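Read the structure below first, then the notes.
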Amino acid sequence: RDLIMRLPKLRGYRNKPLRRAEQIVKIGALNAFTGIVTPEILFKSGLIRNPKALVKIIGGGVLKSKVIIQNITLSAGAKKEIDAVGGKVI
């Protein structure tokens, strides 16, 4: 009984987040790649922790290599920079 009385009471409804957190990759980190870039390739290179989680590329740095992005979401600035270099988003 004493242990039960000392524990805090958790009141209210606890809703787990419905969306998984995105893993962020800056566009400057893509200079090491040429060709197709997928979450699996980013995982093997050590830029993300989980290849099955959501990945988002954001602006931050300068992209110099032409890459093809596949199964990755992009920010508007990152999409403009990829298009300016001549890359594609699939």
Side-chain angles (χ1 to χ4, degrees):
R1 178 165 165 82
D2 290 333
L3 178 64
I4 293 172
M5 295 300 287
R6 280 186 267 155
L7 293 175
K9 296 181 177 89
L10 300 176
R11 295 190 171 121
Y13 179 69
R14 303 269 190 264
N15 188 11
K16 293 182 180 179
L18 300 176
R19 183 176 167 169
R20 295 184 292 179
E22 294 177 334
Q23 299 180 78
I24 303 296
V25 176
K26 292 194 177 185
I27 199 163
L30 299 180
N31 286 322
F33 303 103
T34 56
I36 297 177
V37 177
T38 62
E40 291 81 20
I41 293 172
L42 293 175
F43 174 70
K44 288 178 185 176
S45 68
L47 288 175
I48 60 173
R49 292 187 204 153
N50 185 359
K52 296 182 181 179
L54 297 174
V55 179
K56 185 169 187 176
I57 296 176
I58 61 171
V62 178
L63 182 65
K64 297 175 184 172
S65 60
K66 184 176 174 181
V67 293
I68 300 170
I69 305 296
Q70 189 173 11
N71 297 334
I72 299 175
T73 57
L74 303 167
S75 67
K79 184 166 174 48
K80 285 180 187 177
E81 188 145 354
I82 290 169
D83 290 339
V85 173
K88 290 184 182 179
V89 179
I90 298 175

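Owing to the predicted nature of the structure, the values given are computational and were not obtained by experimental measurement.
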Problem set entry | Sequence neighbours excluded - salt bridge (Lys or Arg N to Asp or Glu O under 4.0 Å) pairs with any residue from residues 39-55 | none

Seminar exercise, completed: The complete set of salt bridge (Lys or Arg N to Asp or Glu O under 4.0 Å) pairs with one or both residues in residues 54-69, sequence neighbours excluded, reads none

Exercise. Are any side-chain N or O atoms of Gln23 and backbone N or O atoms of Asn50, one a donor and one an acceptor, separated by less than 3.5 Å?
Worked result: yes

Problem set entry | Whether Asn31 side chain and Gly28 backbone form a donor-acceptor pair below 3.5 Å | yes

For this session: Taking all heavy atoms of Pro51 and all of Pro39, pick out the closest pair and write down the distance.
Result: O-CB, 3.5 Å

For this session: Measure across Gly59 and Ser75 and return the closest heavy-atom pair with its distance rounded to 0.1 Å.
Result: N-OG, 3.6 Å

Exercise. Which other residues end up in the same hydrophobic cluster as Phe43, if Ile, Leu, Val, Met, Phe, Trp and Tyr are linked when side-chain heavy atoms come under 4.5 Å apart?
Worked result: Val25, Ile27, Leu30, Phe33, Val37, Ile41, Leu42, Leu47, Ile48, Val55, Ile57, Leu63, Val67, Ile69, Ile72, Leu74, Ile82, Val85, Val89

Seminar exercise, completed: So CD1 of Ile36 and NZ of Lys88: to nearest 0.5 Å the spacing works out to 10.0 Å

